[in-house]
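Worksheet: the structure to be examined is printed underneath.
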Amino acid sequence: MQYRAEKNKIRLASLSELDPVKTFECGQCFRWNADENGVYTGVARGRAARIWAEGDSVYIDADEKDVAEIWRDYFDLGRDYCAIVFSGGEYLEACARYGAGIRILRQDGWEALCSFIISQCNNIPRIKRIIETLCREFGDPISAFGETLYTFPPAERIASLEPDDLSPLRCGYRASYIIEAARAVSTGRLNLEVLADCDYDTAVRELKKLKGVGDKVANCVALYGLHNMSGFPIDVWMKRALKKHFPEDFDPRSLGPFAGLAQQYIFYYTRNGKEGMGNERL
DNA sequence: GAACAGGCAACTC
DNA sequence: GAGTTGCCTGTT
């Protein structure tokens, strides 16, 4: 085990409000990794933290000031997810029960954009590998918990590169998409801060102007990177679930302004619930 | 070696 | 506008 100074063990939430396993393993993020004790280490907004559950509580080990100023917001703890209920039938209710404790993280827009461009036609272990290499090669090192972690490199830094510079990532044809996206963000041609305040249609339309960003990636970025809760990414798993449990002409909008949370519940249930058992690797 | 993957774009009809 | 194909790389 790594050295572990128990200097900051701060209660963050109850397990029913924030379930670390569900939240980190539901496909929305790629940079939180659990050790053998179920303690997750991650870096976001240039800071490192550890998160774990103990009984009914969830604790965080991080700078105390960061907990108040960064992490509470990152985990979207200002919103009562239990108060968001969907009228979408029994199946959706089962998904919501199963996924209780999932939170939609307030991730950085550029990080989400870059990560989900990488995710296309790719599996999670490889996506994680590519992103970690990207951070190690181009991010800034930070010391935390006795190890060296890396921040996600800013768009400006990636914008100055050429596709060949990304060859250590071995991300193939996605390299040019990443750089193109970085340039759009760093020049302001794509303003993610502005987009975060735009309606869903505008956000998706603008994101899709980028090469390598289609419907799926745009919806992931809207939901996970812009925290637009109307975002409703549909991948092969969602397609399968929708086909089986919803009418042919199902429109995510019918689920209301928090359709994205419903999507997350459905996805997690179909991937990890009894329907998805035995299909660990897609 | 061939087929395929948590997708997209470019091309076809 | 629906359907097909190439794309990098890694895995099966």
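Each chain gets a letter, A, B and so on, in the order its sequence line appears, and its residues count up from 1.
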Return yes if a side-chain donor-acceptor contact under 3.5 Å exists between N122(A) and S119(A), otherwise no.
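Distance-only check fails for N122(A) and S119(A).
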
Can a donor-acceptor pair be found between the side chains of K22(A) and N272(A) at a distance below 3.5 Å?
no

Shortest side-chain distance from Y173(A), nucleotide among dT11(C), dC7(C), dC8(B)
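Ranking dT11(C), dC7(C), dC8(B) by closest atom to the Y173(A) side chain puts dC7(C) first.
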
Minimum-distance nucleotide (side-chain atoms of C121(A) versus dA5(B), dC7(C), dT11(C))
dA5(B)

Would you indicate what F267(A) reaches in the nucleic acid, counting non-hydrogen atoms under 4.0 angstrom: base, sugar-phosphate, or nothing?
base

What is the distance, to the nearest angstrom, from the CG atom on D235(A) to the P atom on dC8(B)?
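Computing the D235(A):CG to dC8(B):P distance gives 10 Å.
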
Nucleotide dC8(C), atom P - distance to CZ of R174(A) in whole Å
10 Å

Is the distance from OP1 or OP2 of dG10(C) to the nearest side-chain N or O of R170(A) less than 4.0 Å?
yes

Detail all sub-3.5 Å separations between protein N/O atoms and N/O atoms belonging to nucleotides 9-12 of chain B.
| unit_1 | atom_1 | unit_2 | atom_2 | d |
| --- | --- | --- | --- | --- |
| dA9(B) | OP1 | L210(A) | O | 3.3 |
| dA9(B) | OP1 | G212(A) | N | 3.0 |

Please map the stems of DNA chain B, keeping only stretches of three or more Watson-Crick or G-U wobble pairs with both distances under 3.5 angstrom.
B:2-5 with C:9-12, B:7-13 with C:1-7

Pair Y98(A) + Y265(A): ring centers closer than 6.0 Å
no

Please go through I10(A)'s hydrophobic cluster and name the other residues, only I, L, V, M, F, W, Y counting, with side-chain heavy atoms under 4.5 Å joining them.
L12(A), L15(A), L18(A), V21(A), F24(A), W32(A), Y40(A), I51(A), V58(A), I60(A), V67(A), I70(A), W71(A), Y74(A), F75(A), L77(A), L105(A)

Is there a donor and acceptor pair, one atom on the side chain of R126(A) and one on the base of dT9(C), closer than 3.5 Å?
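Side chain to base: pair present.
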
